[in-house]
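Keep in mind it's a predicted model, so treat the numbers as computed, not measured. Residue numbers begin at 1 in each chain, while the letters A, B, ... track the order of the sequences.
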Amino acid sequence: MKVLIDGSVELEAPTGMTVLQLLLERFPVKAGSAVAARINGRLVDLTALPEEGELEIVVWGDEGADEVYRHTAAHVMAQAVLELYPGTKLAIGPAISDGFYYDFDIAESLSPDDLPRIEERMAEITRRDEPVVRETWEREEAILFFRDEGQGYKVEMLEEMDEDRVTIYRQGDFVDLCRGPHLASTGRLRHFRLLSLAGAYWRGDEHRPMLQRIYGTAFDDASELDRYLEFLEEAERRDHRRLGKELDLFSFHEEAGPGVVFYHPKGAVLRGIIEDFLKSEHTKRGYEMVITPHLFRGQLWHTSGHMDYYKDNMYFFEKDGMEYVVKPMNCPGHLLIYKTRPRSYRDLPLKYFELGTVYRYERSGVLHGLLRVRGFTQDDAHIFCTEEQLEEQVGECLEFAFYSLRAFGFEDFEVYLSTRPEDSVGSDELWEKATMVLGRSLEDLGIPYSVDPGEGVFYGPKIDIKLKDAIGRSWQGPTVQADFNLPQRFDLTYAGADNKPHRPVMIHRVVLAGIERFYGVLIEHYAGEFPLWLAPVQAAIIPVADRHLDYAHEVEGTLRTSGVRAEVDEDRQTVNMKIRRAQLQKIPFSLVVGDREVENRTVSVRDRNGKDTRGVPLAEFLSRVLERVEERSIAGGWED
RNA sequence: GCCGGUGUAGCUCAAUGGUAGAGCACCCGCCUUGUAAGCGGACGGUUGGAGGUUCGAUUCCUCUCACCGGCUCCA
């Protein structure tokens, strides 16, 4: 049998010899690093038998290798848990993007202190270096086996499978139903770490039993594991909740209830900058700003359909025997404004923009700092247009969104087109049409995207843009949604050129989306070191001694008059201390003023990187700052 | 909402079935300071809240609130 290995070496493989044996015999060096193999394009175990054709050796770093590796790590962990907690029932244990997890049904509940113990047992299992064996069983046989073992979840999975034959992986006494492939032996698993413990419902269904999930990660390369653990630390260092406290930006209060944000003075400055940006950019693009109330009668939400599809997320109350709703969305308000007078095709597209604050009930367990709150403000707009204008308008929204995200320093995006969810309104025909238009707008702009089936909103399909931050994490960002439904429900019309009534279509779109969430992402993206134009305080003025206070205030006045956010640190403290405080507050520039500066009308500029430049004329400092703010520069150093 | 964890001074964190402690911050003094912590002093707590067990609870138990890690959902 002729086998072409890695596209270069052709050799005659003896029958009955596994890929691993072949490697050991012919390429012993490779055998040690091999994770799996690909036979004619199919990912298989190293214990598979080669076939005539191409054989590729998959090593760590190759596509698919991490998945195989971590899947085996999950099995080793499951084996360890079974050994330590006999009677544990296994659910599922897949590899995920940065690691793996396994869900267990264990009689006793695990605590984080148990993880090291499990990790140790895993290490022991890897030392045993038990071969991982793939077997093919009759499904019925597997059902009997797992039933006998008391592994009900496995039985349930088996019973739902269509195949007659299933694959089983075995290492030592540990047997698991699994598609594979896996590492050839437990000893091949080298660097791993158990990370956290969590509850997870069997099959993600809250009506099913709650299982205990252990998350972990594994790498073949020790330095990669280290790097990943450093990444986790870095993420913690950037945590907006922590930075929000340290930088005095915002707070939450038990007395006020969870999920509602209090912006402190510095936090409000940053929020104001974001809002100013949005207002001016919307105005530039022909949007008209509107303001709508926070409370609407319940009836309106029946008309809009929210009462049917969004009720669980809405806050209600009753007064004078009348039902009221705290608005969870801004659209109905904008529709009411549209309807205040007859509209003509000449009015379209009509673009209403609102910094609309909405309240949505979120289950207590999902709240998360600014990223998931109950009260938030959206940069929300609704575009009423003709069907013909739809595609162009969607395109403009997308361009607007990308422009804005780039202005705030985000460069990498992922785009998703979400289609009709199960619970939704409108005809299939409308959905199909809207979905098509969205897809075409993306294609026209040459934006690559993937389809997210069933993830649309109840009234229409949508485009979601996810942004990647400085350390590569992605976050939910702008969305553009087509809506053929609400105009119908509210009976919106416009007079066409033919002088007949027509139905407009509507686009819901946000640019930065929820301001709170965007704000949180912004903090994490910059780790609190905001670019000059966003920094709540741009310059800390540090007098060397009391006699420099007058000049310090003069500098402050000059800067403030020109719109630079400057503050004098008047504390009778050492220069070192005042510098330290400014650094910890991540203020872009510290201006030290002493005798020399007073005499020469200069400032000594220290940037956030710790570099100082002395004798900078005040006027020069001011003009350079204004210039950078104007161009929204992300340069951090004074010399940059 | 559910599973697990956590809750002690403004912040970060100790301690313990027997009087609750440190560092930093705040306040007051001294120092008048040149690029990341000058020195001293004073103040500061119903140990998240309510109930229970106990001679005695911050510690053990129950309930509750909030937060953290997830499940699910979403801007």
Is [X] close enough to [N] that one of its side-chain N or O atoms is under 4.0 Å from OP1 or OP2 there?
| X | N | answer |
| --- | --- | --- |
| A:Arg547 | B:U33 | yes |
| A:Tyr215 | B:C71 | yes |
| A:His368 | B:G69 | yes |
| A:Gln573 | B:A37 | no |
| A:Tyr310 | B:C74 | no |

Between [N] and [M], how far is it from one [atom1] atom to the other, in whole Å?
| N | M | atom1 | result |
| --- | --- | --- | --- |
| B:A14 | B:G48 | P | 14 Å |
| B:G17 | B:C30 | P | 46 Å |
| B:C31 | B:U46 | P | 37 Å |
| B:G51 | B:A57 | C1' | 13 Å |
| B:A9 | B:C13 | C1' | 11 Å |
| B:A20 | B:G5 | P | 28 Å |

Using whole Å, report how far [atom1] of [X] lies from [atom2] of [N].
| X | N | atom1 | atom2 | value |
| --- | --- | --- | --- | --- |
| A:Ile463 | B:A75 | CD1 | C1' | 16 Å |
| A:Gln378 | B:C74 | CD | P | 14 Å |
| A:Asp546 | B:C31 | CG | C1' | 11 Å |
| A:Lys466 | B:C74 | NZ | P | 12 Å |
| A:Leu367 | B:G70 | CG | P | 14 Å |
| A:Arg213 | B:C2 | CZ | P | 19 Å |
| A:Gln212 | B:G69 | CD | P | 19 Å |
| A:Arg374 | B:A66 | CZ | C1' | 11 Å |

Exercise. Under the ring pair (Phe, Tyr, Trp, His ring centres under 6.0 Å) rule, collect the residues that match up with A:Tyr85, sequence neighbours excluded.
Key: none

Nearest to the side chain of [X] - [options]?
| X | options | answer |
| --- | --- | --- |
| A:Met210 | B:C3, B:C73, B:G38 | B:C3 |
| A:Pro258 | B:C26, B:C67, B:A75 | B:C67 |
| A:Glu362 | B:C73, B:G34, B:U33 | B:C73 |
| A:Val366 | B:A75, B:A36, B:G1 | B:G1 |
| A:Val575 | B:G38, B:U33, B:A75 | B:U33 |
| A:Ala200 | B:A75, B:C71, B:C26 | B:C71 |
| A:Glu254 | B:G48, B:A37, B:G1 | B:G48 |

Self-check item: Expected output: side-chain A:His548 to main-chain A:Ala545 donor-acceptor under 3.5 Å
Solution: yes

Exercise. Please confirm whether the backbone N or O of A:Val415 pairs with a side-chain atom of A:Lys466, one donor and one acceptor, at under 3.5 Å?
Key: no

Examine the base of [N] for any acceptor or donor lying under 3.5 Å from a partner atom in the side chain of [X], and report the outcome as yes or no.
| X | N | value |
| --- | --- | --- |
| A:Tyr201 | B:G70 | no |
| A:Glu255 | B:G48 | no |
| A:Arg517 | B:C74 | yes |
| A:Arg606 | B:A36 | yes |

Could [X] and [Y] be called an ion pair, given the rule that one side-chain N must be under 4.0 Å from one carboxylate O?
| X | Y | result |
| --- | --- | --- |
| A:Glu516 | A:Arg271 | yes |
| A:Lys89 | A:Glu156 | no |
| A:Asp464 | A:Lys462 | yes |
| A:Lys611 | A:Asp607 | no |
| A:Arg70 | A:Asp98 | no |

Please set out all donor-acceptor pairs under 3.5 angstrom arising from side-chain atoms of residues 585-594 of chain A, sequence neighbours excluded.
residue, atom, partner, partner atom, Å
A:Gln585, NE2, A:Glu246, O, 3.1

Check each residue of [range] for a non-hydrogen atom within less than 4.0 Å of any atom in RNA chain B, then write out the ones that pass by number, or none.
| range | answer |
| --- | --- |
| residues 86-115 of chain A | A:Ser109, A:Leu110 |
| residues 228-251 of chain A | A:Arg241, A:Lys245 |
| residues 578-595 of chain A | A:Ile579, A:Arg580, A:Gln583, A:Leu584, A:Val592, A:Gly594, A:Asp595 |

Self-check item: Dot-bracket summary - RNA chain B, pairs being Watson-Crick or G-U whose distances fall under 3.5 Å, with | when paired to another strand
Solution: (((((((..((((....[..))))..((((.......))))......(((((..]....))))))))))))....

Quiz prompt | Donor on one side chain, acceptor on other, A:Glu354 and A:Tyr352, under 3.5 Å | solution = no

Practice problem: Indicate whether any N or O donor in one side chain lies under 3.5 Å from an N or O acceptor in the other, for A:Gln393 and A:Arg509. | Solution: no

Is the Lys NZ or Arg CZ of [X] less than 6.0 Å from the centre of [Y]'s six-membered ring, within 45° of the axis?
| X | Y | answer |
| --- | --- | --- |
| A:Arg285 | A:Tyr403 | yes |
| A:Arg517 | A:Trp475 | no |
| A:Arg213 | A:Tyr101 | yes |

Practice problem: First locate atom CG of A:Leu559, then atom CD of A:Glu554, and finally report the distance between them rounded to the nearest 0.5 Å. | Solution: 10.5 Å

Practice problem: Find out whether A:His382 and A:Leu486 are in side-chain contact, i.e. whether some heavy atom of one side chain is under 4.5 Å from a heavy atom of the other. | Solution: no

Practice problem: Report the residue from A:Arg237, A:Arg241, A:Arg242 that forms a salt bridge (charged side-chain N to carboxylate O under 4.0 Å, His left out) with A:Asp239. | Solution: A:Arg241

Practice problem: Have a look at A:Val373 and say if it touches a base, only the backbone sugar-phosphate, or nothing, with a 4.0 Å heavy-atom cut-off. | Solution: base

